[in-house]
Asks: 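Got a structure here, written out as structure tokens. Questions coming.
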Amino acid sequence: MFNPIEGSVNFPQQELAVSQFWKEHHIYETSLEQRKGAPSFVFYEGPPTANGMPHPGHCLTRAIKDLFPRYRTMRGYRCERKAGWDTHGLPVEVEVCKELGIHSKEEIEAHGIEDFIQKCQQSVWRYMREWERLTERIGFWVDLKNAYATYHRSFVESVWWSLKNLFDRGLLYQGHKIVWWWAQGGTALSSGEVGLGYREVADPSVYVKFPLLDDAGNVTDTSLLVWTTTPWTLPSNQFAAVRPDLEYSVLSTEHEGKSEKLIVATALVDTIAAKTKRAFVVESTLHGRDLWGRRYIPPFHCYYKLFGSKTGKISDGRDVSTAWRVLITGFVTFDTGTGIVHIAPAYGEDDYAELLDQQRVFESGEIPRLLNPVAPNGKFTDEGPEYCRGRWVKDCDRDIIRDLKQRGLLFHQEQYVHEYPFCWRAEQDPLIQYPRRSWFIRTSQFKDEMLANNAQINWLPEHVKTGRFGKFLETNVDWALSRERYWGTPLPIWKCEETGKMEAIASYDELMAKPGVAGGEVWEAAKKKNPELPDDLQVHKPYIDAVTYDSPYAKGARMRRVPEVIDCWYDSGAMPFAQWGYRGEPEASAPGALGKSPLPNPPHQGEGIGSTAAQNFHAQFPADFISEAIDQTRGWFYSQLAISTLLFGKEQGARSTEKDSSELHAPSSTLHAPFPHPFRNCIVLGHMLGEDGQKMSKSKRNYREPTEIFDRYGADALRWYFFANQPPWTSIRYNEQAIKDSVPEFLLRLWNVYSFFVIYANIDGFDPSKGVRGQGSGVRDLSSSFLATAKSYRPVGERSELDRWILSELNRTCAAVVERMDAYDNFGACQRISEFVDALSNWYVRRSRDRFWAADKRAVEKLDAYWTLYEALVTTAKLVAPFVPFVAETMWQNLACAGLGAGGWRLSVNAASSPQAPFPSPQESVHLCDYPTGDSTVVDQALSERMNLVRIIASLGRNARNAATLKVRQPLAKVEVILADTKHQGWLEQHADVIKEELNVKALDFCDDPSLYVEHEVVPNFKLLGPKLGKLLPKVKQWLGQQTGAELLANIRDNGQIDVTLDGQTLGLTHDEVEVRIKPKPGWTSANDQGVVVVLSTALTPELVAEGLARDVVRLIQDLRKDTGCDYTDRIEVGLVTDAVDLAAAITQNRDYIAGETLASSVVDKPIAGVEPVQAKLMNHDLAIYVRVVK
RNA sequence: GGGCGCGUAGCUCAGUUGGUUAGAGCGCAGCCCUGAUAAGGCUGAGGUCCCAAGUUCGAGUCUUGGCGCGCCCA
């Protein structure tokens, strides 16, 4: 007996029960245990940050991350799924600042770094509960207990190990970088963070004159006209740049009575004239290169006084001034401005690159230096104009403009609306570009290696490989690693306070072993004060900063840590090894691994998979599968690839070229992995947008909280919507309706079939476990071979065509799904599953209902139907398990566990260990089963085609009925079918019953003379004839169109080919080279599709009408049975009373039929005593119906 | 400004190496079925496949150029 199914299914509620069951019975753990020794399928969890609430977009990532591991596990792999959390970085600091009501670095330091860091550590788990709940609720199986976190000591030390490796190989160096600087916060923002904060703003846009000097150094009457939207950068102007190949014009113009001359790009003269409403006269033209080396007076004199006369010797021996000179560059554009660019190297990346170039040009004498009159807090220093000092740069724009105007240097001023970045967390703070000293990793040296590794990765969609990701690698620049912040992995470099020489440290123990080490007591004291302090903080600021030791480079000097922490993207990219705390230890079995003696297992290892970090790492690298959204291209996808390539690729013999980096040490050990690319397959997900097509945003409320979705529709509905509606890389709009729809479209349809089975199997006492005596493989999975040991199980070959067909479809589907899923195509797989469930529901069950209703419980046909549907459902449960794990489990528990007599979930577990069990119990969970891969011996391709044809014919017949407004209850005399291709006609003739029944017709004829109803049309088979005939093809098509179809067909029949004569050429078209189409002649109630035409005979005889009436009566009685609450099996007495002669006759003629259909023991033509009749109307005749249940 | 992607029915999306009649679901309209029933099914209307040019016997599909949108980067 199966557990009866409640009237209306509540998926969300059911899912909670399933979730509970998995937890209580440790199904995930068992699924791993069961695959002990099996080949690994390696999955990496890209660490999310738990300091924000998860939204539907995260559901997609978590769903797809679950799908493939679940699938692979069922396919026989062992798939560890170690969870992880990204915990470092600015967002965490910003959250804490908000909490503390502070903003800037000064304020953080005033607050106290120690307390700040402790708060950061606490804050990273703020939303962990929500994340874990979401993870569990959506059915993402992942080991949360042994999750790695990037702030854990073992993780940090593993990162240190890798950085020391890079440092020792000269791959880590210090340089300058123009960064997007958040002055109020005192920090640089990563490009990703900058991208988050672009906003449209109106900035002042000024056209400023730079008066040119002549060779003797005297001021001329001609000025360069330059344009800028950041007036505050003008005091640090160092050069003006033009493009060499472009034409510039010398213009003369009148202004306030004075005439002046200006130089601008010729292409922009009209635009500027229109903008400024000034009349220009072109005096002369010249090329940009003619302006090379011309000196000018800068708009501000702060530095001019100091350096205005400084010169140096360049390579050709000339003396040129170090600043305020015209340069030639390529990056000048002509869409805005004047074609002459103001260069302030301190405040622009391109500008700074220009300065570096200039510095290289000088061979002796003075060289250009970087002019920067702005302090890191964004305020002018004493080097700036007097009225600007101590003021925020953007606030000075107005005064600077006024000053320029007063001095006659301002030519024009307006507002300019453009996109400008603001701090993404402090939205009122504009960012500025600003020079900072920074640590870099020499990734650009490894470009080719990274590209080679990239080539090994299977990207989905494919275009990422050479597109977004490949292009990004090709333009690789060195990774700016350091951050001048607090909450991050400290850069493990200690610097000699005397000599400036540096060395990298790979672990805390190594540090503490240094000679003369001191400062460890700061941590000890903190720990003593608060024993609850997590030990992980020992390797963080400020404690680690306190640790110093004797310098090996200068006697008496101390080594102190540099202040920076690192980019948290490095943490995430180091996760393949850092999640295990791996620090270069060799793994005995790993070939080619070098290194020091193994270190003890670091803390936070938990009960991971292996016994040592090295074993774990070697066993779990590289990943077979990862998946994240497209925004991770430059994030986690890149950081993993870059780090793996530098660390595990071939030695590059890279040498430092930076002057200030320390001496080279012997490189520490590295693993030369055969696959230095860290992942083999990567599904790049599209972004999920809000319902309005905008980015999902809390304030816009354009999406629903995940928990609400789960409560309303369930996790399976959401998962199915993700997997089955589009390929995963499509960016989709959050579409609640579509999530809702996935319930009736798929889940409910499957559920109804399952529910149908359970209802009737219980009525008939169908018990699949009865008589089953299986042993050996496949028993626990309830494989076909196991089921076949049951007494009542007939070999598939002996069953009806319908049974054979659905089992063929089932196995065909399994094979196709496996093929798709192995190619990481969940969308294709879902389509196949959908089609199968549709076939099962709308054809197999529909066509089998009679057998399930048959009175004889032991009829072989009936048992065949049960066995067939049972096997189909059990297999489908396994098939859909990775996709919709909850409903699959519910089905399995009832069909396999309860149904096999074990009496429920818990009991089935006990049965497994009980030696008395007649056969080993079924798998405790569907997720412990092997995935069905399809049995090709059960697949019958021809049957599949034929059944498809039957379905088409039935559909066309209904269409024809529809067109003639003849309802299906009205029987018709015959239906005629005309086939374009008669291949399957013989088979169809033998299976006329199905069609007759579907269409409620008395006879099915295949038309002898199709020309009565249809016309044949012969068209070329373009695919075959295209390459063969080329330009002749359209003529052949035309010619065929002009012939009579019947004649052409006769030709083929008689000669095996059609002879075509065109342009004096004769061609023979074979049967394959043409396609015969048919279309119905006008005036027929018919329908056609795919080479089939169905014609219905619409003539009605009195007998047919009577039968139709009888069916109506049955219909009414059935309704009454339901209304009176009859049980499915109740017998009734029926009385039918009518004055209408026709109706009475129809009832009399069909009395047996009516009785049979309605389970009536008697049908009489008089009232039944004591029963209230129900009055009905049929074809305008009154009918009184009396129904009484027979007790 | 550059790179990448997208643009197909009212909406959300498919569309396999180019093959001549472009599909699904929802929505809308009409109908059917009735012991899976607070389900199910059928049919219909609805398309300039963003625009233009090119390649080809043949283009939703390939190429180029526009237009629009998104993402990433300047």
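Order of the sequence lines fixes the chain letters, A, B, ..., with proteins taken first and strands second; residue numbering starts at 1 for each chain. We use all heavy atoms of the structure for the numbers below, so side chains are in, but hydrogens, waters and symmetry mates are not.
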Asks: Measuring to OP1 and OP2 of B:G41, would you say a side-chain N or O of A:Arg846 lies under 4.0 angstrom away?
Replies: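 For B:G41, neither OP1 nor OP2 has a side-chain N or O of A:Arg846 closer than 4.0 Å.
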Asks: According to a strict under-4.0 Å criterion, is A:Arg749 in side-chain N/O contact with OP1 or OP2 of B:G40?
Replies: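 The answer is no; no side-chain N or O of A:Arg749 sits under 4.0 Å from OP1 or OP2.
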Asks: Taking for each residue the nucleotide of RNA chain B bearing the nearest heavy atom, is the 5' side occupied by A:Pro1034 or by A:Arg1111?
Replies: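 Nearest nucleotide further toward 5': that of A:Arg1111.
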Asks: So which nucleotide does B:U56 pair with, by the Watson-Crick or G-U wobble rule with both distances under 3.5 Å?
Replies: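 With both distances under 3.5 Å required, B:U56 matches none.
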Asks: So, is A:Tyr760 near the phosphate of B:A36, with a side-chain N or O under 4.0 Å from OP1 or OP2?
Replies: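 Yes.
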Asks: Describe the nucleic acid contact of A:Gln1118 in one word from base, sugar-phosphate, nothing, applying a heavy-atom distance below 4.0 Å.
Replies: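 Base contact.
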Asks: What does B:G30 pair with, Watson-Crick or G-U, if both distances are under 3.5 Å?
Replies: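 B:C42 is the nucleotide pairing with B:G30.
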Asks: With a 4.0 Å cut-off on heavy atoms, is A:Val753 in touch with a base, just the backbone sugar-phosphate, or nothing at all?
Replies: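 Base, at least one base heavy atom under 4.0 Å.
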Asks: Rounding to a whole Å, what distance do you find between A:Gln970:CD and B:C31:C1'?
Replies: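 In whole Å, B:C31 C1' lies 16 Å from A:Gln970 CD.
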Asks: Quick one: label A:Pro727 by what it contacts on the DNA or RNA (base, sugar-phosphate, nothing), any heavy atom closer than 4.0 Å.
Replies: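 Contact class for A:Pro727: sugar-phosphate only.
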Asks: Is there a donor N/O on one and an acceptor N/O on the other, under 3.5 Å, for the side chain of A:Ser834 and the base of B:A24?
Replies: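 No.
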Asks: Expressed as a whole number of angstroms, how long is the span from A:Met688:CE to B:G70:C1'?
Replies: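 Atom CE in A:Met688 sits about 16 Å away from atom C1' in B:G70.
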Asks: Measuring only the P atom in each nucleotide, how far is B:U34 from B:C42? A whole number of Å is fine.
Replies: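 It comes out at 16 Å once rounded to the nearest Å.
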Asks: Taking C-beta and beyond as the side chain, do A:Leu718 and A:Phe722 meet within less than 4.5 Å on heavy atoms?
Replies: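 The answer is yes, as the side chains (C-beta and beyond) meet within the 4.5 Å cut-off.
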Asks: Taking atom P in both B:G60 and B:U17, compute the distance separating them and give it to the nearest angstrom.
Replies: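 To the nearest whole Å, 16 Å.
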Asks: Is it the case that over 12 heavy atoms from other parts of the model lie below 6.0 angstrom from the CZ atom of A:Arg958?
Replies: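 Count over threshold, so yes.
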Asks: In this structure, how many angstroms lie between the P atom of B:U43 and the CD atom of A:Glu998, rounded?
Replies: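 So the CD-P distance, A:Glu998 to B:U43, works out to 13 Å.
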Asks: Taking the P atom in each of B:U63 and B:G5, what is the distance between them to the nearest angstrom?
Replies: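 Each nucleotide's P atom is 10 Å from the other's.
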Asks: Tell me the interatomic distance from A:Asn842, atom CG, to B:C32, atom P, rounded to whole angstroms.
Replies: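 That distance rounds to 19 Å.
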Asks: I need a per-nucleotide contact map over nucleotides 2-7 of chain B, read 5' to 3'. Cutoff is protein heavy atoms under 4.0 Å; write B for the base, S for backbone only, - otherwise.
Replies: -BBS--
Asks: Take atom C1' in B:U16 and the same atom in B:G23, then report the distance between them in whole Å.
Replies: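 One C1' to the other, the span is 13 Å.
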Asks: Taking 4.0 Å as the cut-off, does a side-chain nitrogen or oxygen of A:Arg958 come that near to OP1 or OP2 on B:G30?
Replies: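 Looking at the OP1 and OP2 atoms of B:G30, neither is under 4.0 Å from any side-chain N or O of A:Arg958.
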Asks: Below the 4.0 Å mark, does B:G70 have OP1 or OP2 next to a side-chain nitrogen or oxygen of A:Trp729?
Replies: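 For B:G70, OP1/OP2 do not have a side-chain N/O of A:Trp729 under 4.0 Å.
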Asks: A:Asn752 side chain N/O closer than 4.0 Å to the phosphate oxygens (OP1, OP2) of B:A39?
Replies: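 A:Asn752 to B:A39 OP1/OP2: no side-chain N or O under 4.0 Å.
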Asks: What is the separation between atom CD1 on A:Ile1117 and atom C1' on B:C33, rounded to the nearest whole Å?
Replies: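 For the pair A:Ile1117 CD1 and B:C33 C1', the rounded distance is 17 Å.
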Asks: Using heavy atoms to find the nearest nucleotide of RNA chain B for A:Ser841 and A:Glu349 separately, return the residue whose nucleotide is more 5′.
Replies: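 Going by which nucleotide is closer to the 5' end, it is A:Ser841.
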Asks: Is there a side-chain contact between A:Thr730 and the phosphate of B:A14, meaning an N or O under 4.0 Å from OP1 or OP2?
Replies: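 Yes.
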Asks: How long is the line joining NZ of A:Lys1122 and C1' of B:C33, in whole Å?
Replies: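 Atom-to-atom, A:Lys1122 to B:C33, this comes out as 11 Å.
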Asks: Figure out the CD/C1' separation between A:Gln737 and B:U12, and round it to whole Å.
Replies: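 My rounded result for the distance is 10 Å.
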Asks: Taking only the C1' atom of each, what is the distance from B:G70 to B:A29 in whole angstrom?
Replies: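 After rounding to an integer number of Å, I get 36 Å for this pair.
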Asks: Within the structure provided, determine whether A:Phe11 and A:Val743 are in side-chain contact (heavy-atom separation under 4.5 Å).
Replies: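 Heavy-atom side-chain distance check passes, below 4.5 Å.
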Asks: Please classify the nucleic acid contact of A:Arg849 as base, sugar-phosphate, or nothing, using heavy-atom distances under 4.0 Å.
Replies: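 Result for A:Arg849 = base.
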Asks: With the side chain counted from C-beta on, respond yes when A:Leu641 and A:Phe469 share a heavy-atom pair under 4.5 Å apart, and no when they do not.
Replies: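 Yes, side chains in contact.
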Asks: Under a 3.5 Å limit for both distances, which nucleotide forms a Watson-Crick or G-U wobble pair with B:C11, could you say?
Replies: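 Check on B:C11: paired to B:G25, both distances under 3.5 Å.
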Asks: Begin from the C-alpha positions of A:Trp751 and A:Ile5 and carry the test side-chain contact (heavy atoms from CB on, under 4.5 Å) through to its verdict.
Replies: CA-CA 10 Å; A:Trp751 186 263; A:Ile5 291 166; 3.9 Å; yes
Asks: Counting any heavy atom closer than 4.0 Å, what does A:Phe827 reach on the DNA or RNA strands: base, sugar-phosphate only, or nothing?
Replies: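 Sugar-phosphate only.
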Asks: Applying the ring pair (Phe, Tyr, Trp, His ring centres under 6.0 Å) test to A:Tyr870, which of A:Tyr760, A:Phe756, A:Phe852, A:Phe757 qualifies?
Replies: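 With A:Tyr870 as partner, ring pair (Phe, Tyr, Trp, His ring centres under 6.0 Å) holds for just one option, A:Phe757.
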Asks: Using atom C1' in both nucleotides, what's the gap between B:G15 and B:C49 to the nearest angstrom?
Replies: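 Taking atom C1' in both B:G15 and B:C49, they lie 11 Å apart.
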Asks: Between B:G41 atom P and A:Leu840 atom CG, what is the distance in whole Å?
Replies: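 Going from A:Leu840 (CG) to B:G41 (P), I get 13 Å.
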Asks: Evaluate the criterion side chain to side chain donor-acceptor pair (under 3.5 Å) for residue pair A:Arg951 and A:Asn842; output intermediate values, then yes/no.
Replies: CA-CA 10 Å; A:Arg951 291 183 74 180; A:Asn842 288 327; over 6 Å; no
Asks: May I ask which nucleotide in the shown strands pairs with B:C71, Watson-Crick or G-U wobble, both distances under 3.5 Å?
Replies: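 By the stated definition (distances under 3.5 Å), B:G3 pairs with B:C71.
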Asks: Side chains of A:Gln433 and A:Tyr352, heavy atoms from C-beta outward: is any pair under 4.5 Å?
Replies: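 No, too far: nothing below the 4.5 Å cut-off.
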Asks: Side-chain contact test, heavy atoms from C-beta onward, threshold under 4.5 Å: evaluate it for A:Val684 versus A:Arg468 and give yes or no.
Replies: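 No, every pair of side-chain atoms sits at 4.5 Å or beyond.
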Asks: Is A:Lys1023 side chain donor-acceptor paired with the B:U17 base, going by distance under 3.5 Å alone?
Replies: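 Result: at least one qualifying N/O pair found.
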Asks: What's the gap between B:A52 and B:G44 when it is taken at their C1' atoms, as a whole Å value?
Replies: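 The answer is 35 Å between these two C1' atoms.
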Asks: When the C1' atoms of B:A45 and B:C31 are considered, how many whole Å apart are they?
Replies: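 Between the two C1' atoms, the distance is 14 Å.
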Asks: Apply the test side-chain contact (heavy atoms from CB on, under 4.5 Å) to residues A:Asp741 and A:Phe746: give CA-CA distance (whole Å), side-chain angles for both, the deciding distance (0.1 Å), then the verdict.
Replies: CA-CA 8 Å; A:Asp741 289 344; A:Phe746 178 71; over 6 Å; no
